[in-house]
Amino acid sequence: GWLDLELGELVDRVETLTADAHSKGVQKIGWIGPVGALGAVKAIVGPNSGFEILPLESIDPEELRSFGAGTPIASTMFTLAGSEALERAGLELTWRRARAELHDQAGGRFIALAARGSSLEAVARGRGFGEIVEMRPGSLVLPALLQAALLGGSPSELLRGAAEMRGQCAAGGPAARNPGLQLGAFLGAVAAGGVNRIGLVADPPLTAMARWLAAEASARGVGSRLTILPAVPVEIALGDAAVIYLRTSGALDGALGGWQEKGAAVLVLQVGSGLAGVGAEAVRWEIGAAIAAHLLEVKPFPTDPSPSQ
């Protein structure tokens, strides 16, 4: 299963990818696909510590033109981790240019984060991509791990947080102390109780993390029953809404009583500091979203390439 992936084996691999990019004179990373944790990682690492990462998240013609203009082949490495349509558009935009400038070495400028048996894996092997990293359905950790390394942060720190959270969520432990189970049960319970909107609020340093986790949970089947929106408290119309609070400093502690008095179900998630906190939340929300999808009887990974995965 996707939780059995030995994440520790990936640290050396992503650090090798980063070193290889430096050796090729790469200055930019063209990230073709959802940016995931990029904002959360960048908020911690800072924007100028490693490579500049330029995202392509849609096939809008204007965005495609802008992405192509900002990613010169001579100084860019491309990472593909998106939908089939986005991968196809991104490759069409970049591959021909790479072949024209780098000839048989073009594949070395491409990295694929691909599910086993997916169309992206087949394309990557056929074109000789420099690296193909298996990305199992539901993994939030792998893209964040690679982004941390590319931005000049410590993937080991991110992995430490992920490993600690995975230990806390291990099967057989007390349910009351299982963070992933608590999150999944909360999402399932509020939906069963008639709530259809959740405001995901956060202390100021975690705003980008809230946007990331709201999008990821919604994409994992939960979004078919719950609308999860990153929001500030004043934007939450309580009554048919619940609140999840990503807490670090406790800046919003004073608002908790007010939310509850207005009838909102509230879940407070204490978030760790630094990249370890990003890794921990990636695992918590992987597990929590999968549990919620099971409770809501929806498919957790609607974009799986095959039923076997």
> Can Glu281 and Met209 be said to form a side chain to side chain contact (heavy atoms under 4.5 Å, CB included), step by step?
Replying inline: CA-CA 9 Å; Glu281 291 311 305; Met209 181 182 287; 3.8 Å; yes
>> side chain to side chain contact (heavy atoms under 4.5 Å, CB included), that's the test. Do Lys28 and Thr71 meet it? Break it down for me.
In response: CA-CA 7 Å; Lys28 299 180 178 182; Thr71 52; 5.5 Å; no
> Checking side chain to side chain contact (heavy atoms under 4.5 Å, CB included) for the pair Ile244/Leu183: CA distance, chi angles, key distance, verdict?
Replying inline: CA-CA 9 Å; Ile244 297 177; Leu183 174 60; 4.0 Å; yes
> Where do Phe78 and Ile29 land on the side chain to side chain contact (heavy atoms under 4.5 Å, CB included) test, with the steps shown first?
Replying inline: CA-CA 6 Å; Phe78 298 94; Ile29 304 296; over 6 Å; no
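Distance check, rounded to the nearest 0.5 Å: CG of Leu64 to CG of Leu93 gives 6.0 Å. In this structure, CD on Glu87 lies 4.0 Å from CG on Leu120, to the nearest 0.5 angstrom. The CD atom of Glu52 lies 10.5 Å from the CG atom of Leu151; values are rounded to the nearest 0.5 Å.
The main-chain N or O of Glu62 is found under 3.5 Å from a side-chain atom of Asp60 such that the two form a donor-acceptor pair. Distance alone, capped at 3.5 Å, is enough to place a donor-acceptor pair between the Thr16 side chain and the Asp12 backbone. Between the side chain of Lys262 and the main chain of Gly257, no donor-acceptor pair closer than 3.5 Å is present. Checking side-chain atoms of Glu286 against main-chain N and O of Leu140 turns up a donor-acceptor pair under 3.5 Å. The backbone N or O of Glu63 lies less than 3.5 Å from no partner atom in the side chain of Ser66, so there is not a single donor-acceptor pair. Formation of a donor-acceptor pair under 3.5 Å by the Arg109 side chain with backbone atoms of Ile73 is found in this model. No donor-acceptor pair closer than 3.5 Å links the side chain of Asp203 to the backbone N or O of Arg247. For Gln182 (side chain) and Ala176 (main-chain N/O), a donor-acceptor pair under 3.5 Å exists by modelled atom type. Formation of a donor-acceptor pair under 3.5 Å by the Asn196 side chain with backbone atoms of Leu226 is not found in this model. Listed for the Glu131 side chain is no donor-acceptor partner under 3.5 Å among the backbone atoms of Arg13.
In plain terms, the two heavy atoms of Leu296 and Ala191 that are nearest each other are CD2-CB, 3.5 Å. Here the closest non-hydrogen pair linking Ser224 and Val298 is OG-CG1, 3.3 Å. Listed here is the closest heavy atom pair of Ala124 and Ala112: CB-CB, 3.8 Å. For the pair Pro179 and Cys169, the tightest heavy-atom approach, listed with the atom from each and the gap, is CD-SG, 3.8 Å. What you find for Gln147 and Ala37 is that their closest heavy atoms are OE1-C, 3.5 Å. Nearest heavy atom pair, residue Ala292 against residue Leu187, reads CB-CB, 3.7 Å.
Taking 4.0 Å as the cut-off between side-chain N and carboxylate O, Glu84 and Arg88 count as a salt-bridged pair. Ion pairing between a basic and an acidic side chain is recognised when a charged N comes within 4.0 Å of a carboxylate O; Glu92 and Arg96 show no such pairing.
Taken together through direct or relayed side-chain contacts under 4.5 Å among Ile, Leu, Val, Met, Phe, Trp and Tyr, Leu295 and Val195 form part of one hydrophobic cluster. When the side chains of ILVMFWY residues are joined at heavy-atom separations under 4.5 Å, either directly or via intervening members, Leu246 and Leu38 end up in a single hydrophobic cluster. By the criterion of side-chain heavy atoms lying less than 4.5 angstrom apart, applied directly or through intervening Ile, Leu, Val, Met, Phe, Trp or Tyr residues, Val271 is grouped together with Leu158 in one hydrophobic cluster. Clustering ILVMFWY residues whenever any of their side-chain heavy atoms sit less than 4.5 angstrom apart, transitively, puts Ile32 in a cluster other than the one holding Val133. Under a hydrophobic clustering in which Ile, Leu, Val, Met, Phe, Trp and Tyr are joined whenever their side-chain heavy atoms come within less than 4.5 Å, directly or via other members, Met77 and Phe110 fall into different clusters.
The side-chain heavy atoms of Leu181 and Ile287, taken from C-beta on, include no pair separated by under 4.5 Å. In this structure, the side chains of Val278 and Val41 come closer than 4.5 Å at one or more pairs of heavy atoms. Between Leu229 and Leu200 the shortest side-chain heavy-atom distance does not fall below 4.5 Å. Between Arg97 and Trp95, the closest side-chain pair of non-hydrogen atoms is not below 4.5 Å. Residues Leu145 and Leu159 form a side-chain contact, since some pair of their non-hydrogen atoms from C-beta on lies under 4.5 Å apart. Proximity of Ile198 to Thr227: side-chain heavy atoms (C-beta onward) are nowhere separated by under 4.5 Å. Between Leu267 and Val243, the closest side-chain pair of non-hydrogen atoms is not below 4.5 Å. Side-chain contact check for Trp285 versus Leu269: some heavy-atom pair is nearer than 4.5 Å.
Applying the ring-ring contact (aromatic ring centres under 6.0 Å, His included) test to residues at least two apart or on different chains, the pairs with a partner in residues 21-46 are His22-Phe51.
Across Ile111, Leu91, Leu56, a single residue satisfies side-chain contact (heavy atoms from CB on, under 4.5 Å) together with Leu80, and that is Leu91.
Checked against salt bridge (Lys or Arg N to Asp or Glu O under 4.0 Å), Arg125 has the following partners two or more places apart in sequence or in another chain: Glu121. Among residues two or more places apart in sequence or in another chain, the ring pair (Phe, Tyr, Trp, His ring centres under 6.0 Å) test is passed with Tyr245 by none.
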